[in-house]
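For the numbers below, each heavy atom of this structure counts, side chains included, while hydrogens, waters and symmetry mates do not.
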Amino acid sequence: YEISIVIVGSITHTANNSIEVLYEGDAFLICPGVSHRFIRDQKCVHRDFLISKELFKSAADYINPDLLEEFHKKKFIRFKIPNNTILSLEDCISTFFETDNYLSRKNYEKILCCQLIGAIYADLQLSMHNAESFKSFCLTAMSENIKNPEALQVICQQLGYSYVYFCKKFKNKFGCT
């Protein structure tokens, strides 16, 4: 399993015949067997975590026994990580590398994995609960920007979404483009 988080800048990610630009705070989970590649801008800073199947399964089962199956259905999951969670992850990474004790490293490895999978789970839960608020926001923003030729860019910026991600989410929630 691979989890990548964009810390600074942007990165273009290609997977499943889809191209998306990811920005600061964007992250994604890629399940085993998914062909993908990155093209990063020169200012991009990102973290990549490669997680063994055993550790990933253990952490996912700890959070929710059905989570691993849900991840495998989607194969590629884009999610947002708040800045405070990124800082917490960075602290855990620092502690991991500063620790020489094997058992302590294994514990920090589990904690880090649970934090990452927990962030995905929290974002998935939030997006399920926010489906109606997303629709409401879009309808309000569209009516407020009806005469603005750059309305779509404004709405994407307000939501913190890339254009491609917004269009996919809009189509998913509204059933049209």
Do I86 and V6 sit in the same hydrophobic cluster, where Ile, Leu, Val, Met, Phe, Trp and Tyr count as joined when their side-chain heavy atoms come under 4.5 Å apart?
-> no
Do other residues, nucleotides or ligands put more than 12 heavy atoms under 6.0 Å from D100 CG?
-> no
Do I117 and Y62 touch side chain to side chain, with heavy atoms closer than 4.5 Å?
-> no
If we only count heavy atoms from C-beta on, is the S4 to E2 side-chain gap below 4.5 Å?
-> yes
Quick one: do the T12 and E20 side chains pair a donor with an acceptor below 3.5 Å?
-> no
Taking atom CZ of F71 as the centre, does the number of heavy atoms from other residues, nucleotides or ligands within less than 6.0 Å exceed 12?
-> yes
When you measure from the side chain of T85 to the backbone N and O of I81, does any donor-acceptor pair fall under 3.5 Å?
-> no
Roughly how far, to the nearest 0.5 Å, is the CG atom of D91 from the CZ atom of F96?
-> 15.0 Å
Joint hydrophobic cluster, Y102 plus I93, side-chain heavy atoms closer than 4.5 Å = no
Rounded to the nearest 0.5 angstrom, the CG-NZ distance for L103 and K106 is 10.0 Å
Separation between CG of L67 and CG of D61, rounded to the nearest 0.5 Å | 8.5 Å
Cluster link L89 to V8, ILVMFWY, side chain under 4.5 Å = yes
Does the side chain of F174 come within less than 4.5 Å of L139's, by heavy atoms?
-> yes
Test side-chain hydrogen bond (donor to acceptor under 3.5 Å, both in side chains) on Q115 and S88 and set out the steps.
-> CA-CA 9 Å; Q115 282 182 310; S88 176; 2.7 Å; yes
Please test I11 against V21 for side-chain contact (heavy atoms from CB on, under 4.5 Å), starting from the C-alpha separation and ending with a verdict.
-> CA-CA 6 Å; I11 192 167; V21 178; over 6 Å; no
Could you tell me the separation between the OG atom of S10 and the CG atom of L22, rounded to the nearest 0.5 Å?
-> 8.5 Å
Quick one: do F49 and C113 satisfy side-chain contact (heavy atoms from CB on, under 4.5 Å)? Show the steps, please.
-> CA-CA 9 Å; F49 300 91; C113 190; over 6 Å; no
pair L116-I5: side-chain heavy atoms closer than 4.5 Å = yes
Do Y1 and L50 have side-chain heavy atoms sitting under 4.5 Å apart?
-> no
OH (Y108) and OG (S94) are apart, to the nearest 0.5 Å, by 11.0 Å
Locate the shortest heavy-atom distance separating T99 from R105; write the atom from each residue and the value.
-> O-NE, 2.8 Å
Heavy-atom side-chain contact between S58 and K110 under 4.5 Å | no
Is the backbone of C44 close enough, under 3.5 Å, to the side chain of H46 for a donor and an acceptor to pair up by distance?
-> no
Could you check F79 against D26 for side-chain contact (heavy atoms from CB on, under 4.5 Å), going step by step and ending with a plain yes or no?
-> CA-CA 6 Å; F79 59 103; D26 287 337; over 6 Å; no
Please report the shortest heavy-atom distance between E150 and N148, naming the atom on each side.
-> N-OD1, 2.8 Å
Do I120 and I3 touch side chain to side chain, with heavy atoms closer than 4.5 Å?
-> yes
Euclidean distance, L55 CG relative to C114 SG, rounded to 0.5 Å = 7.5 Å
Is it true that K73 and E70 have a side-chain N and a carboxylate O under 4.0 angstrom from each other?
-> no
Is there a path of hydrophobic side-chain contacts, each under 4.5 Å between heavy atoms of I, L, V, M, F, W or Y residues, that connects F56 with L112?
-> yes
In one Ile/Leu/Val/Met/Phe/Trp/Tyr side-chain cluster, 4.5 Å: F170, Y163 = yes
Would you check if Y165 and R78 make a side-chain contact, meaning some heavy-atom pair closer than 4.5 Å?
-> yes
Can you check side-chain contact (heavy atoms from CB on, under 4.5 Å) on I7 and E90, steps first, answer last?
-> CA-CA 10 Å; I7 309 293; E90 291 294 319; 4.2 Å; yes
Within a radius of less than 6.0 Å around NZ of K168, do more than 12 heavy atoms belonging to other residues, nucleotides or ligands occur?
-> yes
Inspect the surroundings of CZ in F38 and state if more than 12 heavy atoms from other residues, nucleotides or ligands are less than 6.0 Å away.
-> yes
Between F28 and F76, is the ring centre distance below 6.0 Å?
-> yes
